[in-house]
Amino acid sequence: MKVLKFGGTSVGTPESLRNVKRIVEGIDSQTVVVVSALGGITDRLIATARLAAADNPAFREEMEGIAARHFNVIEQVVDEGAKGQTRSEVARLLENLRRIFEGISLIRHLPTQTLDLVVSFGERMSSVIVTSMIKGAKRFDSLSFIKTEEWFGKNVADQKLTTALIKDTFNVSFDKAIVPGFISTDRDSGIITNLGRGGSDFTAALVAAALDASVLEIWTDVDGFMTADPRLIPNARVVDRMSFVESMELCTYGAKVIYPPTIYPVFHKNIPIRILNTFKPEAPGTFISDSERNEGFSIKGVSVLRGTSLFSLASEMASDLTDVETRTFNALARQGIRLYPVSSPGNRGVNFAVSSEDEAKTRSVIVSEFAPDIPDRPLLNPVVTDKLSTLAVVGDNLKDQPRLGARIRNSLERAGLKVCAFSDGMSDSTLTFMLPREEADDALRIVHALVAE
C-alpha cells in the first residue's frame, strides 16, 4: 500500500488536478490519497471570516467567489456523469459555510473554534471533488479518525487513539481512498480542530504509519529537497537521498518542503518518504529513509530560520549555571516552548534561542521560574537579542569535521557579518549560526558556496 499526499498547489487548478488524476490512476496497487484544500482557499476562508467578524459586507462577495472557484473546478475535471452529484455535495457544504459566515457577521466575533470550523471546509470540498474525479475512488472522512487533544493551549494529535481508529476505518475493501488532510476533531468534545498549517502532510504520515504503508509520497510543486532555497541560490541542486534526521533538521530550520511533525510517525516505522513534483512526475525527487547515511562527509543543505531570539542568562555565582540551565530548559519544555542551545561569544552563561513568536512567553516563564529564588540566589536579568535569523548547515558526520564550524564563522566574519551565537559541535548532523535578520541572505550565499559546491 502507498500513501500519497497532494498539497494546495497540486490541487490548485484544473490542469494540476488532471496531473493528480493521471498519477493516482496510474498506480496499480492499493492507495490512500490525502488532499489539501484547493490552492489559496484556506487563506481566503480565513480572510472572509475576518471580514464577516468586522461586519464588512464584502464577505458575501468573497463567499460567492469561493463557491464559483469550486464549481468551475468541478465543471472542468469531473466526468459528466458524476458532475450533478458532486455539485450537489459541494453546494450543501457551501450553504453550511454561508450560514456560518452570516452568524459570524451577526455576532461580530470570531472565536478560535469557529475559525477552525470555517477552514475545515476547504479540505472537505476538495476531497469531494477529487473523489468524484478519480475512477473507483472512495472518500474516507478524516474527521472521524484523526483525533486531537489540547496540550498547552494547542491541538495536537492523539496518536494512539488516531492509529487505532485509522486501522479500524480502513479495514475494508478499497482500491483508491481519498482523505481530506489537515482537519480533525477533539477526542473528548468532537469539536472540529486541525493539525496546523501544513497539517495535511501530518495526516498522511499518521495514515501511512498506522497502515504500515510501503512508502509515503509527498507530491508538491518542487523537485525535492534542495541544497538551498533556489530563489536565493540559483545553482542550488536537488538532493537525491537523505536520512530522516537530515530532513527533520532542514525542515526545523526553515526548509518548507515538509511540515516537520510529518517525519516522526513514519520514521518510527521505517517507512521511506519520497518528495515528488506533481508538475514533473518523471523527476526522481528526494528519497528519505533511515539508511541514507553516507561514508565520509556530505552536506545535504543550508537553510535559514527567520525570526529567532537569543536568550543569555547568567548567575552571580558560577556554580549556579548548571542548575539555571536545567531549570530553565525544563520550565520551557513544560510550556511547550522549543529551544535551541547555542554558544554566544564572550558570554559564559546559559545561552539558547527560541522562535521570535515565543520570545515574550519565554521571558515570562523564566521570571516565574526564578522569582522565588532571587533574594537568595541572584539571577541576572535575561539578556535578549531579537530580530535574528538562524542559518543551519545540515549533513552527515559533522562531528568528524571539527574545523568546519570555525571555517564557517571565519568566512562570515571576514565578509563583515556578525555571528551572535552558534552551535558548533552540539549535533552530529547540524551546525547553526545566528546572525542579524538583515544579514541572513548574504550568509546563506557565503556558506552555500563554501560547503555545498
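- T252 contributes atom OG1, which lies 4.5 Å from atom CZ of R338 (distance to the nearest 0.5 angstrom).
- In this structure, the ring of F202 has its center no less than 6.0 angstrom from the ring center of F182.
- Summarising the geometry, atom OG1 belonging to T162 is positioned 12.5 Å from atom NZ belonging to K167; distances are rounded to the nearest 0.5 Å.
- Between the side chains of K147 and T185, a donor-acceptor pair is found at a separation under 3.5 Å.
- Residues I366 and P382 come closest through the heavy atom pair CG2-CG, 4.5 Å.
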K5 and E217: CA distance, side-chain angles, deciding distance, salt bridge (charged side-chain N to carboxylate O under 4.0 Å, His left out) verdict: CA-CA 6 Å; K5 179 264 177 178; E217 295 183 354; over 6 Å; no
Steps toward side chain to side chain contact (heavy atoms under 4.5 Å, CB included) verdict (L115, L45) | CA-CA 9 Å; L115 184 59; L45 288 168; over 6 Å; no
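- Two residues are said to be in side-chain contact when any heavy atoms from C-beta on lie closer than 4.5 Å; V32 and K2 fail this criterion.
- At least one donor-acceptor pair under 3.5 Å links the side chain of S142 to the backbone N or O of P180.
- You'll find the side chain of L143 reaches within 4.5 Å of the side chain of R124, heavy atoms only.
- Partners of K269 according to the salt bridge (Lys or Arg N to Asp or Glu O under 4.0 Å) rule, which considers only residues two or more places apart in sequence or in another chain, are D212.
- Under 4.0 Å is where a charged nitrogen must lie from a carboxylate oxygen, and between R445 and D442 at least one such pair does.
- Each of D116, T203, N155, T148 was compared with N194 under the side-chain hydrogen bond (donor to acceptor under 3.5 Å, both in side chains) criterion, and only D116 meets it.
- In this structure, the separation between CZ on R241 and OG on S243 is 12.0 Å, given to the nearest 0.5 Å.
- Side-chain N or O atoms of K361 include one that pairs as donor or acceptor with a backbone N or O of Q335 at under 3.5 Å.
- Judged by distance alone, the side chain of K21 and the main-chain N or O of M133 form a donor-acceptor pair under 3.5 Å.
- In this structure, R231 CZ and D441 CG are separated by 10.0 Å, a value rounded to the nearest 0.5 Å.
- Taking a 6.0 Å sphere around CD of Q76, one finds it holds more than 12 heavy atoms contributed by other residues, nucleotides or ligands.
- Within the 4.5 Å cutoff, the side chain of L4 has no heavy atoms near those of the V34 side chain.
- Looking only at distances, no side-chain donor or acceptor of T328 sits under 3.5 Å from a matching main-chain atom of E325.
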Point to revise | side-chain hydrogen bond (donor to acceptor under 3.5 Å, both in side chains) evaluation trace for E15 with N19 | key: CA-CA 7 Å; E15 179 185 5; N19 289 341; 5.4 Å; no
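- Here the side chains of L435 and K418 are not in contact, with every heavy-atom distance at 4.5 Å or above.
- With respect to R327 and E369, a salt bridge is recorded, a charged nitrogen being found less than 4.0 Å from a carboxylate O.
- In this structure, S368 contributes its side chain and S364 its backbone to no donor-acceptor pair below 3.5 Å.
- Side-chain N or O atoms of T326 include none that pairs as donor or acceptor with a backbone N or O of D323 at under 3.5 Å.
- No donor-acceptor contact under 3.5 angstrom links the side chains of W151 and E149, judged on distance only.
- Considering every non-hydrogen atom in both C251 and I258, the closest pair reads SG-O, 3.3 Å.
- Looking only at atom types and distance, the side chain of R306 has no donor-acceptor partner in the side chain of S389 under 3.5 Å away.
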Please assess S184 against T193 for the test side-chain hydrogen bond (donor to acceptor under 3.5 Å, both in side chains), listing each intermediate value before the final yes or no.
-> CA-CA 5 Å; S184 49; T193 58; 2.8 Å; yes
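- Separation of atoms CG (L404) and CD1 (I408) is listed at 4.0 Å; rounding is to 0.5 Å.
- The aromatic rings of F311 and F352 lie parallel to each other, with less than 30° between the two planes, well short of the 60° mark.
- Using cut-offs of 30° and 60° on the angle between ring planes, the pair F267 and F244 is perpendicular.
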* **Evaluation steps, side-chain hydrogen bond (donor to acceptor under 3.5 Å, both in side chains), between R139 and S127** => CA-CA 7 Å; R139 183 178 182 274; S127 60; 2.8 Å; yes
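- Between the CG atom in D358 and the CD1 atom in I337 there is a gap of 5.0 Å [rounded to 0.5 Å].
- For the residue pair T308/T390, the side-chain donor-acceptor check at 3.5 Å is satisfied.
- More than 12 heavy atoms of other residues, nucleotides or ligands lie within 6.0 Å of CZ in R18, so this atom counts as buried by the packing criterion.
- Side chains of M242 and V239 form a contact here, defined as non-hydrogen atoms less than 4.5 Å apart.
- Proximity of E413 to V419: side-chain heavy atoms (C-beta onward) are separated by under 4.5 Å at one or more points.
- With contacts defined as side-chain heavy-atom distances shorter than 4.5 Å, the pair K300/T227 does not qualify.
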For a side chain to side chain contact (heavy atoms under 4.5 Å, CB included) check, start with the C-alpha distance between N277 and W219, then their side-chain angles and the critical distance, and finish with the verdict.
CA-CA 5 Å; N277 191 337; W219 289 83; 5.9 Å; no
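- Listed here is the closest heavy atom pair of F329 and P341: CE2-CG, 4.2 Å.
- Taking every heavy atom of both residues into account, I446 and A415 meet most closely at CD1-CB, 3.4 Å.
- Heavy atoms only, all atoms of each residue included: S16 and T9 are closest at OG-O, 3.5 Å.
- Between the side chain of T286 and the main chain of F225, a donor-acceptor pair closer than 3.5 Å is present.
- A donor-acceptor contact shorter than 3.5 Å links the side chain of D158 to the backbone of L161.
- Sequence neighbours left out, the pairs with a member in residues 28-49 that pass side chain to side chain donor-acceptor pair (under 3.5 Å) are S36-S200, D43-R197, R44-E62.
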Requested in this report: For the pair T432 and L391, evaluate side chain to side chain contact (heavy atoms under 4.5 Å, CB included) and give the outcome as yes or no after the intermediate values.
Outcome: CA-CA 5 Å; T432 60; L391 182 144; over 6 Å; no
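- In the model, E246 has no side-chain atom that pairs as donor or acceptor with a side-chain atom of S429 under 3.5 Å.
- Y259 contributes a side-chain N or O that, together with a main-chain N or O of L195, makes up a donor-acceptor pair within less than 3.5 Å.
- Using a distance-only test at 3.5 Å, with no hydrogens or angles considered, no donor-acceptor pair links the side chain of S10 to the main chain of L17.
- The side-chain heavy atoms of R274 and L216, taken from C-beta on, include no pair separated by under 4.5 Å.
- Nearest heavy atom pair, residue V342 against residue A353, reads CG2-N, 4.4 Å.
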Test side chain to side chain contact (heavy atoms under 4.5 Å, CB included) applied to V215 and I273, step by step: CA-CA 6 Å; V215 67; I273 303 173; over 6 Å; no
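- F140 and F174 have perpendicular rings, their planes meeting at more than 60° on a 0 to 90° scale where under 30° would count as parallel.
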